There are 2 protein chains.
Amino acid sequence: MRSVPAQIAIKLHQALPLIAEQGLEQTKIDEIADTTGVPKATLYYYFSGKEEILAFLFEDMLTAIADEAKVAMEIEGTSADRLTAVVGVQIRRLVENRDLSAALVGDLGRVTRSSALVESLQAAFYSPIESLLIEGAADGSLRDTGNPMLGSMAVIGPVIISVLMTAIVPPDADEPDDDVAGDLIAIILSGLLPRG
Amino acid sequence: MRSVPAQIAIKLHQALPLIAEQGLEQTKIDEIADTTGVPKATLYYYFSGKEEILAFLFEDMLTAIADEAKVAMEIEGTSADRLTAVVGVQIRRLVENRDLSAALVGDLGRVTRSSALVESLQAAFYSPIESLLIEGAADGSLRDTGNPMLGSMAVIGPVIISVLMTAIVPPDADEPDDDVAGDLIAIILSGLLPRG
DNA sequence: GTCTATAAAGAGATAGAC
DNA sequence: GTCTATCTCTTTATAGAC
């Protein structure tokens with residue numbers, strides 16, 4: 001894959017609503033060319049096929065999330081605060097890239113078959129959270145669940161699924177979007193049992 | 001779709017490792033015929049195509065989960081107990097059908113494009129949990145998060161993601177499987193903050 | 001880098017006999 | 001219900017000029 005000019009990278013995003021809606025399988029490369037205005041021959045010049053196009057866009061977003069998460073992991077406060085910040089970053093970016101996220105979550109199988117993408121997913125979602133859980137258990141600001149992996153799943157799972165839901169629901173829902181991230185992390189932190 | 005003989009339904013499961021591994025898109029209907037021993041002509045006799053074959057298997061499992069969940073929702077104890085039971089059912093069935101679950105989670109986009117499957121998913125996962133959260137908030141055995149939908153996501157998300165993980169990891173991992181369901185629901189119930 | 005045209009192969013789906 | 005054979009169509013991907 002040759003280095004992709006920014007000009008083209010931007011245009012590629014225009015194909016995402018299509019891909020999100022009907023899946024990559026049903027999206028013909030001619031449609032991508034038509035929708036984005038990038039000639040098919042040019043697409044093949046830069047990419048080996050449509051899988052690589054989508055993977056490129058995934059990588060783009062995941063790298064951005066990973067970078068931002070790294071920053072969020074350094075803020076002042078308790079581990080819980082940092083965890084809240086990281087989850088906020090993740091959700092915000094996912095929601096901002098609604099269609100790309102829908103394509104990502106809707107085609108997790110494809111993603112998990114690419115080791116490069118799996119690594120990017122880990123760097124963006126799993127690793128930051130696992131680190132913070134371990135850190136928090138050590139300094140006492142988070143409960144020690146005894147299983148950082150399961151704990152991480154308990155955080156990432158809701159994030160992914162809630163994004164999937166918002167991504168599925170047609171965009172007409174111009175609900176104020178409230179503070180999904182905040183509400184979600186509050187539930188995750190406090191749990192579902194009544195507090196004593 | 002004609003009513004599928006049990007004989008054939010059973011054989012179809014033999015194609016699942018293949019589908020789980022390479023995705024339905026990459027799985028040729030000839031492969032399904034070869035692997036299951038069901039002649040291709042017979043497959044077309046009962047199904048309109050490979051999508052319908054997979055959807056049939058999904059429905060099968062989801063219906064079983066929904067039925068069992070309905071039972072679990074009636075057991076004695078607190079709402080939290082019932083929630084634990086329901087999640088236990090869900091995880092157990094998913095893990096038992098490892099490859100089918102991998103196919104399901106790996107191709108959520110396809111699933112969400114079928115309204116029948118979306119309804120089955122809701123009946124198996126979302127509805128039971130949402131009911132219990134509402135019930136628990138009312139009788140005080142669960143915290144009132146003010147948003148049953150978000151609360152449900154906080155439960156279902158970890159379930160789905162943890163199953164995805166175990167489904168991705170090669171089966172060589174004959175780890176005792178411990179009590180994933182129990183550990184997971186404990187974390188979800190108690191939250192990640194230290195208890196006072 | 002982009003165009004037009006085309007190869008060419010794959011795979012889904014069916015026909016029609018048994 | 002199952003078999004063999006085949007059709008047909010789509011879609012990827014490339015060739016070669018500009």
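Note on naming: letters A, B, ... go to the chains in the order of the sequence lines (proteins, then strands), and numbering restarts at 1 for each one. Bear in mind that the values here come from a model prediction, so they are computed numbers and not experimental data.
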- Kindly say whether B:Gly191 contributes a backbone atom to a donor-acceptor pair with the side chain of A:Ser190 at under 3.5 angstrom? no
- Query: Short question: side chain of A:Arg93, backbone of A:Met61 - any donor-acceptor pair under 3.5 Å?
  - Reply: no
- Message: Heavy-atom count check: over 12 atoms from other residues, nucleotides or ligands less than 6.0 Å from A:Lys28 NZ?
- Response: yes
- Note on the structure: So salt bridge (Lys or Arg N to Asp or Glu O under 4.0 Å) across residues 42-65 of chain B, not counting sequence neighbours, yields B:Glu51-B:Arg110
- Message: Minimum heavy-atom separation for A:Arg82 and A:Asp139, please, with both atom names.
- Response: NH2-OD2, 4.4 Å
- Note on the structure: What one should report as the nearest heavy-atom pair of B:Ala103 and B:Ile19 is CB-CG2, 4.2 Å
- Nucleotide range of DNA chain D contacted by chain B, 5' to 3', under 4.0 Å to a heavy atom? D:dG1 to D:dC3
Pick out the pairs of N or O atoms, protein on one side and nucleotides 11-13 of chain C on the other, that lie under 3.5 Å.
residue	atom	partner	partner atom	Å
C:dA11	OP1	B:Lys28	NZ	3.1
C:dG12	OP1	B:Lys50	NZ	3.0
C:dG12	OP2	B:Ile29	N	3.1
C:dA13	OP2	B:Tyr44	OH	3.1
C:dA13	N6	B:Lys40	NZ	2.7

- Kindly determine whether A:Thr84 and A:Asp81 satisfy side chain to side chain donor-acceptor pair (under 3.5 Å), including the steps that lead there. CA-CA 5 Å; A:Thr84 301; A:Asp81 293 334; 5.4 Å; no
